[in-house]
Structure formats: C-alpha cells, structure tokens
Amino acid sequence: MTEDILEKIKAIHASEHQVVIATAGAGHSLIGWLLDIPGASRTVLEAILPYSREAMVDLIESVPDKS
C-alpha cells in the first residue's frame with residue numbers, strides 16, 4: 001500500500017460516512033486495505049466479495065455479460 005492510499009483511507013475513516021462494499025476481482029485489495037487501518041469498524045458496515053459466477057448473479061440479480 002502506498003503512502004497516498006494510506007492517507008486516503010485514514011481520511012475515509014475520519015469522515016462521518018459509512019460504507020457497504022461489494023467488489024470483485026482486483027477489488028479484493030480494497031477490502032483488506034480498509035480493514036487493516038484503525039477506524040474500519042466505524043466506516044465499514046459490510047464487505048462482500050462474490051467469487052463465483054453464481055454468487056455474482058445472486059448479488060446483482062441478473063446474469064452479467066462477462067464474469
């Protein structure tokens with residue numbers, strides 16, 4: 001993680017906003033980065049990583065063109 005990313009995550013955790021994250025593929029790094037920095041329990045309400053095609057279809061309630 002770069003210093004720039006670290007500072008942005010600290011700013012996210014310092015804000016009043018809360019998030020639910022659903023990501024796929026390379027987005028898995030985001031979940032780890034957010035949870036590794038103190039303050040995540042105030043920010044992250046839920047994080048999911050639908051890995052299989054079936055899990056993605058269940059999440060978005062349709063069949064994606066690509067997966």
Side-chain angles (χ1 to χ4, degrees):
M1 176 185 327
T2 65
E3 188 65 29
D4 184 49
I5 292 171
L6 175 63
E7 291 306 313
K8 287 178 179 163
I9 292 172
K10 286 180 179 180
I12 290 168
H13 289 333
S15 77
E16 63 185 41
H17 301 288
Q18 295 180 307
V19 297
V20 172
I21 302 162
T23 186
H28 75 279
S29 296
L30 172 64
I31 294 171
W33 292 342
L34 284 169
L35 297 179
D36 282 346
I37 306 303
S41 63
R42 290 187 308 268
T43 305
V44 180
L45 300 174
E46 182 178 8
I48 61 171
L49 179 65
Y51 194 72
S52 70
R53 181 174 175 83
E54 293 80 17
M56 182 62 75
V57 168
D58 187 49
L59 176 69
I60 65 174
E61 298 181 346
S62 70
V63 178
D65 294 334
K66 289 176 31 176
S67 64

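- Applying the side chain to side chain donor-acceptor pair (under 3.5 Å) rule to pairs touching residues 15-29 yields nothing, sequence neighbours excluded.
- Considering all non-hydrogen atoms of both residues, P64 and R53 come closest at O-NH2, 3.7 Å.
- Linking ILVMFWY side-chain heavy atoms closer than 4.5 Å, directly or via other members, places Y51 and L30 in two distinct hydrophobic clusters.
- In this structure, the separation between NZ on K10 and CD on E3 is 6.5 Å, given to the nearest 0.5 Å.
- The stretch residues 34-45 participates, sequence neighbours left out, in these side chain to side chain donor-acceptor pair (under 3.5 Å) pairs: H13-T43.
- Separating the CG atom in L49 from the CE atom in M56 is a distance of 8.0 Å, to the nearest 0.5 Å.
- One distance of note links CG of L34 with CD1 of I12; it measures 5.5 Å at 0.5 Å rounding.
- Hydrophobic clustering, with ILVMFWY side chains joined whenever heavy atoms are under 4.5 angstrom apart, groups I5 together with I21.
- If you chain together hydrophobic residues whose side chains sit under 4.5 Å apart, L6 and V19 fall into the same group.
- Every residue meeting the side chain to side chain contact (heavy atoms under 4.5 Å, CB included) condition with A22, not counting sequence neighbours, appears here in chain and number order: I48, L59.
- What you find for L35 and A40 is that their closest heavy atoms are CA-CB, 3.8 Å.
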